[in-house]
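Atoms considered below: every heavy atom in the structure, side chains included; atoms not considered: hydrogens, waters and symmetry mates. Remember, it's a predicted structure, so these values are computed and weren't measured experimentally. The sequence lines fix the lettering, A, B, ..., with proteins before strands; numbering per chain opens at 1.
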Amino acid sequence: MPCRRSSRSEEVLDGIIFVVSDYRPQELDKKWQHKWAASRAFEVSVDPSRPKYYCLEMFAYPSGHAHVGHVRNYIIGDVMARTKRMRGFNVLHPFGWDAFGLPAENAAIKNGIHPEVSTRSNIAHMKGQLQRLGISYAWEREFATCDPEYYKWNQWLFIRMVEKGLAYRRKSSVNWCPVDNTVLANEQVVDGGCWRCGTPVEMRDLEQWCFRITAYADELLDATAALQGWPEKVLTMQKNWIGRSEGARVKFPVEHFPLGTDIEVFTTRIDTIFGATFVLLGPEHPLVATFAEKSPDPAGFRKKAQDFRLQDKAARLSGEIEKQGFNTGQWATNPFTNEPVPVWVANFVLGDYGTGAVMAVPAHDQRDFEFARKFSLPIRVVITPDGTPQSSDAMTEAAEAYGTLVDSGRYSGLPSADAQKQMIDVAKKHGIGEGTVQYRLKDWGISRQRYWGTPIPMIYCEKDGIVPVPDDQLPVELPTITQFTGRGDSPLAQVPEFVNVKCPKCGGPARRETDTMDTFVDSSWYFYRFADPRNNKMPFDPEAVKYWLPVDFYSGGVEHAILHLIYSRFFARVFRDIGLVDHSEPFTQLLTQGMVLKDGAVMSKSKGNVVDPDSMLQKYGADALRLYVMFVAPPEKEVEWSDSGLEGSFRFLARVWRLVDHWNETVAGEGIDSPDGCETLNPAERAMRRKTHDTIRRVTVDIEQRQQLNTAVSAMMELVNDLYAFSEQTLTGAPGRHAEEDVEHAGDVERRETICVVREALEALVRLLAPFVPHTAEEMWEMLGHAQPLAAATWPEFSADVARADEIVVPVQVNGKVRARLTVAAETSESDLERLALADPGVAAHTAGKTVKKVVVAKGRLVSIVVQ
RNA sequence: GCGAAAGUGGCGGAACUGGCAGACGCGCCAGACUUAGGAUCUGGUGGCCGUGAGGUCAUGCGAGUUCGAGUCUCGCCUUUCGCACCA
């Protein structure tokens with residue numbers, strides 16, 4: 001039964017006395033949340049007879065408390081999910097927890113609480129928060145990545161990747177965060193610092209496991225063209241991250257060294273090679289050590305190179321580094337000019353890009369130019385706009401543009417592009433180089449020297465080498481550790497019963513891998529698991545994934561534009577290539593929601609500016625919060641939190657409530673049906689109906705096509721305003737003014753047509769509101785006499801016929817200024833409009849005594865008259 | 001430095017394909033109802049001139065295209081974001 005009361009009451013909330021009519025959202029929240037749970041309203045199963053819709057918000061790291069910034073994303077997703085459900089789709093809307101990670105482990109080091117314990121309790125609390133917001137999740141599919149039933153499949157997949165050569169072990173120079181005591185992937189280094197704590201990263205040489213994401217570099221890049229549902233901004237970031245560049249590798253032989261001692265360089269501008277007057281090595285280049293030995297002061301040489309290495313990433317935090325370098329004393333031969341060129345070591349040459357060495361063309365590369373001027377190295381112009389040779393003396397900066405070659409032997413006179421092709425051919429023919437493609441993207445190092453993650457399922461045997469854990473022994477479970485020391489080595493290495501194991505091949509003594517996986521592995525495929533979360537034979541049933549995937553609507557923060565989203569696209573391809581899925585792109589549409597600011601800053605615990613959703617819920621109920629967050633701005637935009645805005649949303653809901661309360665008994669009466677059955681409607685009734693249908697159209701388009709949820713809300717507000725005005729015109733007076741009498745008088749409305757029109761409007765309104773304010777809408781739906789819950793109702797039908805206006809107002813401009821407004825039949829022809837406009841007295845006043853030069857008529861919109 | 005996006009009332013924002021700028025909300029002002037109003041309902045609310053009808057200016061600044069520009073083009077300013085020695 002509806003919890004409806006007819007009298008007002010006073011109540012004290014937060015020390016303030018409110019007089020409320022009837023709207024008690026806190027009661028409604030509980031009532032409907034229980035009903036939805038009891039009826040399993042949002043649980044779904046595969047049903048090929050219905051179109052599916054997979055609506056997903058990025059799952060959460062269980063930090064303990066969700067603030068309104070987090071919650072905004074879940075509400076956006078919920079509006080989409082609830083709308084699509086009412087539109088007839090079989091909607092999968094799951095949620096889970098990205099539960100492994102450093103914060104829990106760091107907390108354990110600090111306060112001794114085991115990560116498992118704190119994580120589980122954080123999850124419980126945050127789940128409660130989301131449930132109190134009424135987000136329509138299929139909770140039965142929930143899982144956490146720290147469940148062995150989940151991470152088992154990380155391990156299973158890892159072994160498949162080892163088998164396919166997509167996971168491999170290598171010693172390499174890695175980014176090391178001295179505070180978090182672990183390795184970071186390149187994607188996790190932001191401005192030279194750790195993405196989590198900002199500490200400048202150090203370089204260390206470590207053995208670690210890598211995923212061969214570069215095998216998919218071209219595909220990941222090319223496929224961005226097909227991702228039409230993604231924001232351009234995110235695609236651009238991914239393209240830049242992959243950083244494909246076409247060029248050539250060319251060998252510069254080192255003089256006075258054995259044949260085959262070459263410095264190989266990568267260049268995108270082989271056309272400038274005749275201007276290559278020196279060669280630069282990065283400090284990490286292998287020949288640096290060799291050259292040091294040949295130098296008069298090997299120790300000093302090595303120290304200078306080492307200094308360059310150390311300064312590298314950290315120094316970038318504080319702006320640009322000055323270009324430094326020193327001469328190795330060695331010479332190499334430019335293979336095109338056959339001239340000797342000096343070899344230098346430079347701090348700005350990256351060791352891990354290309355070949356770690358470059359040919360320097362100071363006339364045509366700004367960095368080389370600055371370097372050459374600083375160290376008085378020769379500058380030779382080999383490209384000019386018109387092919388006329390030039391001196392470098394007057395140059396103040398490098399000329400990087402393409403042009404025509406000069407002073408380049410037999411290539412002189414060729415345009416850059418042609419020269420590049422010919423030079424690459426010649427280089428290849430002589431075995432001194434070849435055309436290649438270089439990427440900025442590097443393989444993804446996933447080993448982490450931490451506890452709270454997925455154990456890497458590998459065993460090291462002296463006899464058999466590196467052996468994967470057999471599938472039937474998965475999962476390799478995390479041992480329970482009681483002491484968290486924070487020492488710099490892998491915590492798992494300190495657990496002998498974990499480390500010591502028999503080799504699966506020979507049965508002899510062996511050691512387990514003690515590193516765990518980067519938690520981005522967990523989040524790279526969780527959306528597949530949701531399709532079949534309890535499968536204990538496979539990561540998921542391919543048939544279930546075939547039905548539900550790809551994700552139709554995915555929303556989350558832009559901060560994942562590269563990391564999570566590129567890894568997920570990579571994993572989709574890995575699953576594809578091991579035959580488990582038949583698509584390549586996991587997310588059809590991506591929405592990057594804007595953050596919620598408080599006092600101009602991103603909410604964070606440390607800044608102390610978090611707005612806690614629970615206190616808002618207590619005061620205004622879930623729906624007011626939901627509505628406010630959707631109304632305040634379009635989803636992508638950053639917004640500033642406003643308490644008074646939230647209060648406005650609460651007032652709106654109370655206003656709708658009073659409206660329904662005012663009319664419900666009348667419209668639920670006998671013989672009240674669709675106005676389609678009514679003989680004739682008077683003009684006011686017709687206008688009211690038109691508004692109803694126009695609102696249906698606007699809200700539907702705003703949600704489904706434009707995803708502009710704020711204007712959908714304002715359209716509904718307009719409808720409510722019109723319904724108030726319409727109620728005023730009926731005999732009853734406005735709702736809310738004399739609540740008692742109005743209810744009595746509502747039955748006095750004489751025209752059955754009026755009641756039919758109101759009924760149609762209210763039923764449409766309540767259903768349009770449902771995705772935004774589901775609890776309030778459910779209750780009002782019940783008040784309107786419906787036994788079936790709104791969660792199972794269908795979306796209101798839009799009728800173009802009803803929405804069509806029969807009369808329109810057409811403004812008339814004279815020399816660009818509006819001078820009159822014509823009220824005419826909607827289908828008035830252009831010639832009639834012109835005639836009516838010229839005849840209008842307001843227009844005539846401005847055309848009198850002048851010549852009409854031109855009349856432009858935009859049918860149904862405007863008439864523009866030019867006079868002189 | 002390079003690249004992208006955005007600049008609209010006191011505030012958040014709207015304006016869909018170039019066609020009445022400021023929808024909707026917040027705030028503010030007034031009226032009604034009231035012992036009371038911080039509830040509710042109604043009306044008003046960009047600037048300037050005018051008692052008024054009305055006029056006039058106005059979408060960061062400056063030009064341009066057009067009958068008509070917040071919207072398109074060019075230049076500049078500001079802000080935000082991304083990339084930043086990637087050869």
Cation-pi check, A:Arg440 onto A:Tyr353 ring (under 6.0 Å, within 45° of axis):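 A:Arg440 over A:Tyr353 ring: no.
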Quiz item: cation-pi between A:Arg269 and A:Tyr402, 6.0 Å / 45°: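 The answer is yes; both the distance and angle limits are met.
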Using a cut-off of 4.0 Å on non-hydrogen atoms, how would the nucleic acid contact of [X] be classed: base, sugar-phosphate, or nothing?
| X | result |
| --- | --- |
| A:Lys817 | sugar-phosphate |
| A:Val855 | nothing |
| A:Thr267 | sugar-phosphate |

What is the separation between atom [atom1] on [X] and atom [atom2] on [N], rounded to the nearest whole Å?
| X | N | atom1 | atom2 | result |
| --- | --- | --- | --- | --- |
| A:Phe348 | B:A84 | CZ | P | 17 Å |
| A:Lys850 | B:C67 | NZ | P | 19 Å |
| A:Glu640 | B:G10 | CD | P | 19 Å |
| A:Arg440 | B:G82 | CZ | P | 14 Å |
| A:Lys239 | B:C83 | NZ | C1' | 15 Å |
| A:Leu723 | B:C41 | CG | C1' | 16 Å |
| A:Phe726 | B:U42 | CZ | P | 15 Å |
| A:Trp657 | B:U40 | CH2 | P | 16 Å |

Salt bridge A:Asp702-A:Arg698, side-chain N to carboxylate O under 4.0 Å: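 Here A:Asp702 does not pair with A:Arg698 in a salt bridge, since their nearest N and O are not under 4.0 Å apart.
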Lys/Arg N to Asp/Glu carboxylate O, A:Arg658 vs A:Asp661, below 4.0 Å: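 Salt bridge absent between A:Arg658 and A:Asp661.
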By nearest atom, which of the nucleotides [options] is closest to the [X] side chain?
| X | options | answer |
| --- | --- | --- |
| A:Val856 | B:C67, B:A87, B:C20 | B:C67 |
| A:Val358 | B:A87, B:C41, B:C81 | B:A87 |
| A:Glu728 | B:G55, B:A87, B:U42 | B:U42 |
| A:Ser864 | B:U42, B:G19, B:G82 | B:G19 |
| A:Ser644 | B:G19, B:C86, B:G27 | B:G27 |
| A:Gln708 | B:A14, B:A87, B:G19 | B:A14 |
| A:Arg367 | B:A14, B:C67, B:C85 | B:C85 |

Any chance the rings of [X] and [Y] have centres within less than 6.0 Å?
| X | Y | result |
| --- | --- | --- |
| A:Phe371 | A:Phe348 | yes |
| A:Trp663 | A:Phe726 | no |
| A:Phe631 | A:Phe652 | no |

Glycosidic class, syn or anti, of B:G12 using a 90° window around 0: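 Chi for B:G12 falls in the anti range.
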Whether A:Phe274 and A:Phe336 hold their rings parallel, tilted or perpendicular, with breakpoints at 30° and 60°: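 A:Phe274 vs A:Phe336 ring planes: perpendicular.
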Geometric class of the A:Trp344/A:Phe375 ring pair [parallel <30°, tilted 30-60°, perpendicular >60°]: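 Tilted: the ring planes of A:Phe375 and A:Trp344 meet at 30° to 60°.
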I need the minimum non-hydrogen distance between [X] and [Y], along with the two atoms involved.
| X | Y | value |
| --- | --- | --- |
| A:Glu246 | A:Phe266 | C-CZ, 4.4 Å |
| A:Val843 | A:Ala820 | CG2-CB, 3.6 Å |
| A:Pro342 | A:Leu377 | CG-CD2, 4.2 Å |
| A:Val639 | A:Ala633 | CG1-CB, 3.2 Å |

Gap separating the CE atom of A:Met630 from the OG1 atom of A:Thr711, nearest 0.5 angstrom: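 Between A:Met630 CE and A:Thr711 OG1, I get 12.5 Å after rounding to 0.5 Å.
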Nearest-nucleotide 5' precedence on RNA chain B, A:Glu638 against A:Met237: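 Its nearest nucleotide lies further toward 5', so the answer is A:Glu638.
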Which residue lies more 5' along RNA chain B, comparing A:Ser245 with A:Lys854 via nearest heavy atoms: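 Its nearest nucleotide being more 5', the pick is A:Lys854.
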Between [N] and [M], how many Å separate the two [atom1] atoms, rounded to a whole number?
| N | M | atom1 | result |
| --- | --- | --- | --- |
| B:G9 | B:G47 | C1' | 9 Å |
| B:G60 | B:U78 | C1' | 7 Å |
| B:A14 | B:C24 | P | 14 Å |
| B:C26 | B:U80 | P | 30 Å |
| B:U66 | B:U73 | P | 16 Å |
| B:A5 | B:A39 | C1' | 44 Å |
| B:C77 | B:C67 | P | 32 Å |
| B:G13 | B:U59 | C1' | 13 Å |

Side-chain N or O of A:Tyr724 closer than 4.0 Å to phosphate OP1/OP2 of B:C41: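 True: A:Tyr724 side-chain N/O within range (under 4.0 Å) of B:C41 OP1/OP2.
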B:G55 phosphate, OP1 or OP2, under 4.0 Å from A:Arg819 side-chain N/O: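 Yes, A:Arg819 has a side-chain N/O under 4.0 Å of OP1/OP2 on B:G55.
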Nucleotide N/O to protein N/O under 3.5 Å, stretch nucleotides 21-25 of chain B:
unit_1 : atom_1 : unit_2   : atom_2 : d
B:A23  : O2'    : A:Glu718 : OE2    : 2.8
B:G25  : OP1    : A:Asn721 : ND2    : 3.2

Would you list the protein and nucleotides 5-7 of chain B atom pairs, both N or O, that sit under 3.5 Å from each other?
none

Side-chain donor-acceptor contact under 3.5 Å, A:Thr776 with A:Tyr23: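 There is such a pair between these side chains.
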Pair of N/O donor and acceptor under 3.5 Å linking B:C85 base with A:Lys323 side chain: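 Per atom types, the contact qualifies.
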No-H, no-angle donor-acceptor pair, A:Arg821 side chain to B:C20 base, under 3.5 Å: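 In this structure, the two groups form a donor-acceptor pair.
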Secondary-structure stems, RNA chain B, at least 3 Watson-Crick or G-U base pairs under 3.5 Å: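 Ordered by first number, the stems with RNA chain B (at least 3 consecutive pairs each) read B:1-7 with B:77-83, B:10-12 with B:24-26, B:27-32 with B:40-45, B:46-49 with B:54-57, B:60-64 with B:72-76.
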